[in-house]
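The next block holds one structure in the form of structure tokens; read it before the comments.
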Amino acid sequence: MAQAKKITPRAHDYSEWYNDVIMQAELADHSPVRGCMVIRPHGYRIWELMQRALDDMFKATGHQNAYFPLFIPMSFLAKEAEHVEGFAKEVALVTHTRLMATGKAGAQALMPDPASALEEPLVVRPTSETIIYAMFAKWIQSYRDLPLLMNQWCNIVRWELRTRLFLRTTEFLWQEGHTAHATEPEAEAEARRMLGVYRTFQEQWMAMPVITGRKTDSEKFAGAVRTYALEGLMQDNKALQAGTSHNLGQNFAKAFQVKYQTAPGGLDYVWNTSWGVTTRMIGGLVMTHSDDNGLVCPPKLAPVQVVIVPIWKSEEERGQASGVGGRVKTELEQAGIRVELDLRDNMKPGAKYFEWEAKGVPLRLEIGPRDVAAGQAMAARRTGGKAPIKLDGLARTVAGVLEEIQTGLFAAARERPEAHSVRGVTKQQFIEFMKGAGGGGFAYGGFCGSGGCEAEIKQETGATVRVLPDPEFRSAEAPTTCMWCGKPSVAEAVWAQAY
RNA sequence: CGAGCAGUGGCGCAGCCGGUAGCGCACGUGGUUCGGGACCACGGGGCCGCGGGUUCGAAUCCCGCCUGCUCGACCA
């Protein structure tokens, strides 16, 4: 009785389940370097599909890609006071340029050559504001050069102490947009616009519902005037920040002397924005849709959208099923669908089903003798349900099914945050909600705006303000008092325990 | 970065009162199978996480380190 390694059920241990899903789906693996993962082909393909969709959206909104260096002079980081403070504790440094042999064995065999010490260490970028705005200062002369809309796809290093695959790793991949504008309102509009782009992507491609809003001062990006964010609610009722967009004001423009000549002839600092999403989204994808059988991947981001499994007993049947499978594959491929035909003869069909399910393939087509005879294929959805479909017009039918699965996943995912949100909470309800058996979720309530309340709430319940929600997410009745201290409320807030 | 647990063929584990490594799955070959994780036979595969030490002899005992997991302080 062959039994492949099981995935730990979600109900038993959520984080073990999360790791199992990633390993079984072959999305990523641990590397020998602490806190650094290897993104395996199946996981990297998801990232490529994410990149393509987002990149098209960035281009459509007028942004251009460029590439800036991995190394940043240490002194650059020091130029914006809040920014340094935010990142100083987690940067990797390059201090030497040569190694020398010591004559010892093992890890001690080599050491940095003291003679090669850099006069000024280089920081491995934790984010690129500093080096990018240093360049913007060279390129921007007049208001005619604005707005300058740029983006780069790259890797980032932040020396994290506690890591999780995709959710928090020392090195990760992301995209960082950086723009410069002539006026504050334009920068604000850009920061908001890109937040909207992210929301569209996360809802329509990832089928992941998010709430958007502004971060409190204690949660905002170091160096930003305002930070906006998107927050999703995972299956364990913890929130995941899935993207951020910052209005940087003139903070970096002043630090890096990014000035432009105005139309009337004056001189002014530019207004900047920056915004990013990371490979963390893959973790969000896993924790939004997947189940105890493994990954569930929305069709638009599935590396393999359809797997064809031929079924046979005799050699003759094998030839027929494989033949039909091959033709189906070609037909689907011509329709732009990502297909795999599983011809392996050392596995029984059932074993193949389990494997492809673990990898998140949305639709499986089984083609056996009965189907060949009937001119059909059995279509099994990853999300449940199995029914025959005619081979005539198959590509169109399959495309329709994939679309249904995509919208079905989003609809199902939307129920979760709705079912696990409470509005207009009192302090007692809040504590019960966060620490009780229900497992928490999004708690909406009045907030006085004080960092003291935030700190106390975090201390007592582990919850933090995820966002001060945008109008479309706010409660019908605006709260009047802080749910924690009872003082007048300055804004409704959404609290949750977060990743 | 602190506390606890763990690391043995690809995966999951046993062996740990010292005597030179074993099981299940996976893998290879042959055959029978194939509509939800096949079976039989034969076979290949292990610096026992790394480095030191104790000992005639270390997977096993001692010390240091590395990596992972869980929990705390910090963060996309």
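Each chain gets a letter, A, B and so on, in the order the sequences are listed, and its residues count up from 1.
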A:W205-A:F410 aromatic ring centre distance below 6.0 Å
no

Are A:H42 and A:W47 an aromatic pair by the rule of ring centers under 6.0 Å?
no

Examine distances only and state if a side-chain atom of A:H30 and a backbone atom of A:L165 form a donor-acceptor pair shorter than 3.5 Å.
no

[N] pairs with which nucleotide, Watson-Crick or G-U wobble, both distances below 3.5 Å?
| N | result |
| --- | --- |
| B:C65 | B:G49 |
| B:A38 | B:U32 |
| B:G2 | B:C71 |
| B:A58 | none |
| B:C25 | B:G10 |
| B:A76 | none |

Closest to side chain of [X], choosing from [options]:
| X | options | answer |
| --- | --- | --- |
| A:N19 | B:C34, B:G37, B:U70 | B:U70 |
| A:N346 | B:C27, B:G35, B:G37 | B:C27 |
| A:P369 | B:G35, B:A76, B:A38 | B:G35 |
| A:K386 | B:C1, B:G36, B:G35 | B:G36 |
| A:A351 | B:A38, B:A76, B:C34 | B:A38 |

So, OP1 or OP2 of [N]: does either fall under 4.0 Å of a side-chain N or O from [X]?
| X | N | result |
| --- | --- | --- |
| A:R162 | B:C71 | yes |
| A:S15 | B:C69 | no |
| A:K89 | B:C1 | no |

Nearest-Å distance once atom [atom1] is located in both [N] and [M]:
| N | M | atom1 | result |
| --- | --- | --- | --- |
| B:A38 | B:C25 | C1' | 14 Å |
| B:A26 | B:C11 | P | 15 Å |
| B:U20 | B:U55 | C1' | 15 Å |
| B:C62 | B:G19 | P | 15 Å |
| B:G9 | B:A59 | C1' | 14 Å |
| B:G44 | B:G22 | P | 13 Å |

Excluding sequence neighbours, so at least two apart, what forms salt bridge (charged side-chain N to carboxylate O under 4.0 Å, His left out) with A:E404?
A:R381

Please classify the nucleic acid contact of [X] as base, sugar-phosphate, or nothing, using heavy-atom distances under 4.0 Å.
| X | value |
| --- | --- |
| A:R344 | nothing |
| A:S314 | nothing |
| A:E160 | base |

Is A:F354 stacked on the base of B:G37, with ring centres under 5.5 Å apart and planes under 30° apart?
yes

Counting only distance, no hydrogens or angles, is the base of [N] paired donor-acceptor with the side chain of [X] under 3.5 Å?
| X | N | answer |
| --- | --- | --- |
| A:E357 | B:G37 | no |
| A:R34 | B:G68 | no |
| A:R164 | B:G68 | no |

I'd like to know if A:K215 pairs up with A:E231 as an ion pair, taking the criterion as any Lys NZ or Arg NE/NH1/NH2 lying under 4.0 Å from an Asp or Glu carboxylate oxygen.
yes

Whole angstrom is fine here: how far is it from CE in A:M23 over to C1' in B:G12?
13 Å

When the distance from OH of A:Y353 to P of B:A38 is rounded to whole Å, what number comes out?
11 Å

Specify whether A:F172 and A:W174 have parallel, tilted or perpendicular ring planes, treating 30° as the upper limit for parallel and 60° as the lower limit for perpendicular.
perpendicular

Which residue is it: A:F442, A:Y444, A:F447? I am looking for the one with a ring-ring contact (aromatic ring centres under 6.0 Å, His included) to A:W495.
A:F447

